[in-house]
Amino acid sequence: MTSSSLSSSFTVTVNGEPQLLDLDNRTTLLDALREHLDLTGAKKGCDHGQCGACTVLLDGRRVNSCLVLAVATQGHSITTIEGLGTAERLHPIQQAFIDHDGLQCGYCTPGQICSAVGALDEADRGWPSAATADVGAEKITLDDSEIRERMSGNLCRCGAYVNILAAINAVSP
Amino acid sequence: MTSTPTKVPAAPSDTASLRGRIGDSPLRPDGTLKVQGEFAFGSDLWADEMIWGVTLRSPHVHARIVSIDVGPALATSGVYAVLTAEDVPGGNVGLEHADQPVLATGVVRYHGEPVALVAADHPEIARQAAKKIRVVYEELPAVTDGRRALEPDAPQVHGSGNLLRHLKIRRGDPDPVAPLVVSLDFEVGMQDQAFLGPESGLAVPDDAGGIDLYVATQWLHADQRQICQALGLPPEKVRLTLAGVGGAFGGREDLSIHVHACLLALRTGKPIKMVYNREESFFGHVHRHPASLRYEFGAGHDGLLHYAKAELLFDGGAYASSTAAVVGNGGTLGLGPYNIPNVQVDSYGVYTNNPPCGAMRGFGCVQAAFAHEALMDELADRLAMSRVAIRQLNGMREGDRNITGQLIDSAAPVAELLQLVQDMPLPAERLSEDEFDLLSLPGGVSNTTHGEGVVRGIGYAVTYKNVGFSEGFDDYSTARVRLEITADEPTVTVHTAAAEVGQGLITVEQQICRTELGVQRVVVHPRDTQVGSAGSTSASRQTYVTGGAVKAACEAVRAKVLERASTMLDIEPSELVLDGARIVSITGAVVASLQDVLGTDAVDETVKWSHRPTYPVDPETGQGDAHVQYAFSAHRAVVDVDTELGLVKVVALDTAQDVGKAINPDAVVGQIQGGSAQGMGLALMEEIIVTGGRVLNPSFTDYLIPTILDMPPMRIKVLEYADPHAPYGVRGVGEPPTISSGPAVAAAIRQATGKALRRVPIRPEHITEG
C-alpha cells in the first residue's frame, strides 16, 4: 500500500479480478464499487447500515458495504451481485428470486440476494443465529424462522417478504 | 400490396401455444436484470462530463429570507454553479395547485424547503460548498397544528387563509337520531412512503437550450408540465425518460430533483446527476397526511346504521400537493363500505408549516378507515353482536348507493369478503407457558419475558377505495402499439409513458398484447414523453387505464391488419380473423400469413383511452358520481401482545379482495402482500415525528418499517367478480390492502388488551400506560 495522508493505493480482488485502486481514505467500499469500479449493483438505500441494500460478500461473509472503508479491504476478496452469476447461468438464489417473484421494484434485490447467499453459507458452516435451537450443530438447516432472523437486516419496502422467504427456502438444502 | 399470398396449411389455432397471456403469471421482463444488479435505477445513471447537484434546505419551519450570499460557496474549488430563486426563469410548481416555488422565494414555509442549489464535480464538494452559502433568516411565527391553522388569528402560511379545501357531504335527515350512539376521536400519525431507492435522476442539456431528464418518477407528463412552467420552456425542449424506479407508493408523484437538476444543467452546460441521501429523502418528498378524526355513528338496536357524522382534518403541510384530492377521498369514502341513510361529513385540508403531505398508497382512505372500523367494533360490542356480523349487516351490495348518492354498479362483496377471512383457519393457539418457544413471543429473540403477560387478539376490518382519478378529472392513458415482422417472427412493440415502479405493469402490457394480437414476442419500449400521457402510476389505476389503452391500441392494430388483408385478398374485413402469424377466414381456413399482409411494413397505432367520466360533487351536499370504480378488501389480523412490555407480534394477517379479473395472479398476490405490510407498518411502527414543525427522525434507525421478521404468514383469497365497465373486468388492486390491514391490526390489539387505542401507530407506551 502506498499512502499519502489523504489517499491510499491498494489492491483488492473484486469478483475474481484484482483491482488496483487509488482512493481517498474516507471512501466507503460501496462508493468504491459504484463510483470507481462501475459496479452499481450494490445500492445505496441509506448509507448508514440500516437497510441492507448495499450488502456484498467480503471473503464470503456478508457486509454492509456502506459501513466498510474501501482501504480496509486491501488484500481481501469482494463478491458483488455482478459476480454471482451470468445472464446465461444465474446463481441458484438469483434464479429462485425470479421464479418466486421475490422482488417488485428490485432496489433491495442485489442486497437481498448477496445476503441470502451469505446466510446459506453461514448455516452450512454451522454458525448459529438467535433463532437457532441447537447452537452446537455442525450444519444448520434454515427453516422459516431461521431465514427470517438471518434476513432481517435487509429491508424490502415493496413487502415482497413472503416471496423472498419462498425463494430462499427453495434453494436452502 | 403486390405480393402473392402463399398457401398456408390449415392448422390448429396459432395462438393456442402462446405463453403469458392475461390470466397467466409470466415472469417480469425486467426480473433477470434486477436479480443481476444490471437494472439501471435513477441512482445508477452516468454520463460523460457529468457533475453533481445538491440542495440546500431550510433549517427553519417558517422564516423570512433576509439575504443569501452565494459568494463563498461559488468560490469553492470544484464548484460550477450556485443557484437561488433569482435564477429560476419560470413560475411555481405543484401537482394540483401551482403554489410551490422551485426554490424558496423570500420566505421558507417548512423545515427542509429547498433554498439553493450547488453543482460541483464531486457530491461531497457540492455538499461542503452548500454549507458555505450564507442565508440570513428572520424567523416568523409558525402554525404547526391542523386545528390551530383554522383559527382566525393563526399565522398564515400563504397569506390567503389556511383552509385548502372543505368538502361537505349532506345526505338524508339533517337532524338524525338513533337509539344507540357511539363516537370517538382518532389520530393518525404521519407515514412515509420510505421507498428504498432515494430520489435520483440525470439531466442532460442539449446544445439548443433544451434538456433530457432521466428520472425515477410516477407520472412523466405531470413532471414535464411542471418543469416547463418552472423553466419557461416548451414541452419539446423538455424531454423525460423514466429511469429505474426504486419504489414509489405515492411519494414520487410530486417533483423532487426534477427542476433543480435541469436548472443546474442548463446553467453549467453539463449533465447533472442528483441523488438524495436517506435523510434528504425524508425531506424531499411529501408524506401521508396526519389526520385528526371525529366520528359519531347512530344505530338501531338491530345494529343497522341510522346515521353517521364525521369530521376529518388532514394536515396538508406547507404546500398543497394533492391535499384537495385526499380531502375528496377522505370525505366521499371516509365512512367505509357501509349503507348509511343519513350522513354529515366535513372533510378539511389545511395549510400548516409542517412538511408537505400528498399522495401515499390508500390516499385519504387509510386514515379514515382506522376511525370507521374502530367505531364499528364499538357498536358491535355495545350491541353484543359479532364484529363481523355488524359489518355484514351494514355492508354495501351491488345496486346500493353510497353516501354521495352514487350507484354501486358492479360487485360489492363486503359481506362475502368478511365471511371469507372469518372462515380461514386460525393460527395455532399459543402453547402453555412452559412449552412454547420463547422466539415466538412478541419481541422475538430478545427473550424479554417468558410470556406471562402475553395475550392474543383478533381484529377485522373492511374497506373500499376508488380506482383511478375522480371528481371530474380527465383521466386517460395513451398507448402506441406496433406490429411488424422482425427476423421472420411477428413482433409487437408497446409504448406507453406509464411508470413501472415494481408493480409489474410492463408484464401486464405484454400480456394484453399477446392476448389481443396472438403474438408471443412483445417488446416493451422505454417509458418517455415521446408518446402521450399515461396518467399517474397511482390510484391503483394503471392496469385499468393504461391496460385499457393498450387493449384499444391492439384492437386498432388488428383492424388495420385486417383492412390490409381484406384489400389484398378481396374478402370483407369482418370475415377475417387475425390468428397469431396467420390470417384466418371465419370458416377457419388459413387465407394468408401475417408476413404476406405486412411485408416489411409495420402497422403502428396510437390510441388515447379514457374510462367513464366522473363528476365533481355538489359543493353544498357532496352528492354526485365522484368515482369510476370501487375496490373492496377485508383483513383479519391475529396478534400476540405483551401487555407488560407493550410489544406486539402480528401472528397472522389474512385477507380477501375482489380484483375483478386477475390479469397476472402472481403479481396480484404480490401487491396484496406488500400493501398489507405497509398498512401493518402504520398501525404498529411507522411515523415521522414532527415537533414544532421539525422532523426528528429522518433515518431508518428512527423511522421503522416492517422487516421480514415482522411480516407474518398471510392467507390470501382473491375473488374475480368482473366489473362490466372495465377492460377485461379488472378492478384496481394495489391500494385496498394498505387500507384494511392497519385497522385490522389495531382492532386485534384492542381486543387483546381491552384498551381504546385511538391513535396509530400504536406504541408500546400506549399499551402499557394506565
Side-chain angles (χ1 to χ4, degrees), chain A residues 24 26 34 38-51 53 80-82 84-87 90-91 93-99 101-110 113-114 129-131 133 144-145 147-149 151-165, chain B residues 25 27-28 30-41 43-44 46 124 193-198 244-249 275 277-279 437 439-440 444-447 501-504 666-667 669-671 673-678 681 699-701 705-711 713-714:
Chain A
D24 186 306
R26 296 166 294 186
R34 289 182 56 85
D38 200 22
L39 294 170
T40 56
K43 299 294 180 232
K44 191 182 280 190
C46 70
D47 214 22
H48 285 65
Q50 298 151 345
C51 76
T80 71
I81 188 73
E82 292 91 342
L84 279 182
T86 62
L90 294 173
H91 186 284
I93 286 281
Q94 289 175 315
Q95 188 61 50
F97 267 68
I98 292 178
D99 295 342
D101 207 24
L103 63 127
Q104 288 178 25
C105 83
Y107 196 83
C108 72
T109 308
I113 288 172
C114 286
S129 79
D144 284 3
S145 106
I147 293 172
R148 287 176 193 276
E149 169 60 26
M151 293 299 293
S152 61
N154 291 85
L155 299 178
C156 170
R157 184 50 159 172
C158 299
Y161 293 130
V162 180
N163 294 349
I164 291 170
L165 184 64
Chain B
S25 292
L27 300 176
R28 302 169 179 276
D30 52 359
T32 302
L33 287 176
K34 283 180 174 177
V35 302
Q36 290 184 285
E38 301 288 347
F39 183 81
F41 291 91
S43 52
D44 303 329
W46 186 90
E124 290 306 329
Q193 297 84 356
F195 39 72
L196 273 205
V245 182
F249 319 116
V275 183
N277 61 26
R278 179 54 53 186
E279 181 177 350
D437 179 2
L439 296 176
S440 69
V445 296
S446 303
N447 281 346
V501 298
Q503 81 280 39
D666 283 358
V669 167
Q671 284 298 299
Q673 291 165 345
S676 299
Q678 291 177 5
S699 80
F700 282 157
T701 294
I705 65 175
T707 71
I708 196 168
L709 269 175
D710 300 302
M711 201 56 207
M714 288 186 71

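Throughout, a chain's letter reflects where its sequence line sits, starting with A, and its residues are numbered from 1.
Results of the side-chain contact (heavy atoms from CB on, under 4.5 Å) test with A/Y161 over B/D710, B/L709, B/I708 single out B/I708 as the only residue that passes.
When each of A/A87, A/G102, A/A160 is checked for heavy-atom pairs under 4.5 Å with chain B, A/A87 comes out on top. Between chain A and the options B/A40, B/G670, B/A677, B/A667, heavy-atom pairs under 4.5 Å are most frequent for B/G670. Comparing B/V501, B/L27, B/T701 by how many heavy-atom pairs each has under 4.5 Å with chain A, the most go to B/T701. Counting heavy-atom pairs closer than 4.5 Å to chain A, the top residue among B/Q503, B/E38, B/M711 is B/M711. When each of A/K43, A/H91, A/R34, A/Q104 is scored by its heavy-atom pairs under 4.5 Å with chain B, the top score falls to A/Q104. Ranked by heavy-atom pairs shorter than 4.5 Å toward chain A, the options B/G31, B/G197, B/S25, B/G247 are led by B/G197. The residue among B/V245, B/V669, B/D44 with the most heavy atom pairs within less than 4.5 Å of chain A is B/D44. Of the listed residues (A/G153, A/S152, A/P110, A/G41), the one with the most heavy-atom contacts under 4.5 Å to chain B is A/S152.
Counting heavy atoms from C-beta on, the side chains of B/Q193 and A/R157 never come closer than 4.5 Å. Put simply, the side chain of B/T32 reaches to within 4.5 Å of the side chain of A/I98, judged on heavy atoms. Counting heavy atoms from C-beta outward, B/F39 and A/C105 have side chains that stay 4.5 Å or more apart. In this structure the side chain of B/F195 never reaches within 4.5 angstrom of the side chain of A/C158, judged on heavy atoms. Side-chain contact between A/K44 and B/S43 is absent, with no heavy-atom pair separated by less than 4.5 Å. In this structure the side chain of B/Q36 reaches within 4.5 angstrom of the side chain of A/L90, judged on heavy atoms.
A distance of 9.0 Å separates CZ in A/R148 from OG1 in B/T707, rounded to the nearest 0.5 Å.
Residues satisfying the ring-ring contact (aromatic ring centres under 6.0 Å, His included) criterion with A/F97, sequence neighbours excluded, are absent altogether. In terms of the side-chain contact (heavy atoms from CB on, under 4.5 Å) criterion, residue partners of A/C108 (sequence neighbours excluded) are, by chain and number, A/Q112, A/C156, B/L196.
A salt bridge links B/R28 and A/D101; the closest N-O separation between the charged side-chain nitrogens and carboxylate oxygens is under 4.0 Å.
Heavy atoms only, all atoms of each residue included: A/G45 and B/F700 are closest at O-CE1, 4.3 Å. Closest of all the heavy-atom pairs between A/Y107 and B/P198 is OH-CD, 3.6 Å.
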B/S699/A/H48 under side chain to side chain contact (heavy atoms under 4.5 Å, CB included): CA gap, chis, key distance, verdict:
CA-CA 9 Å; B/S699 80; A/H48 285 65; over 6 Å; no
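Heavy atoms closer than 4.5 Å to chain B are found nowhere in A/T80, neither backbone nor side chain. Looking at A/I113, the atoms closer than 4.5 Å to chain B (heavy atoms on both sides) all sit in the side chain, from C-beta outward.
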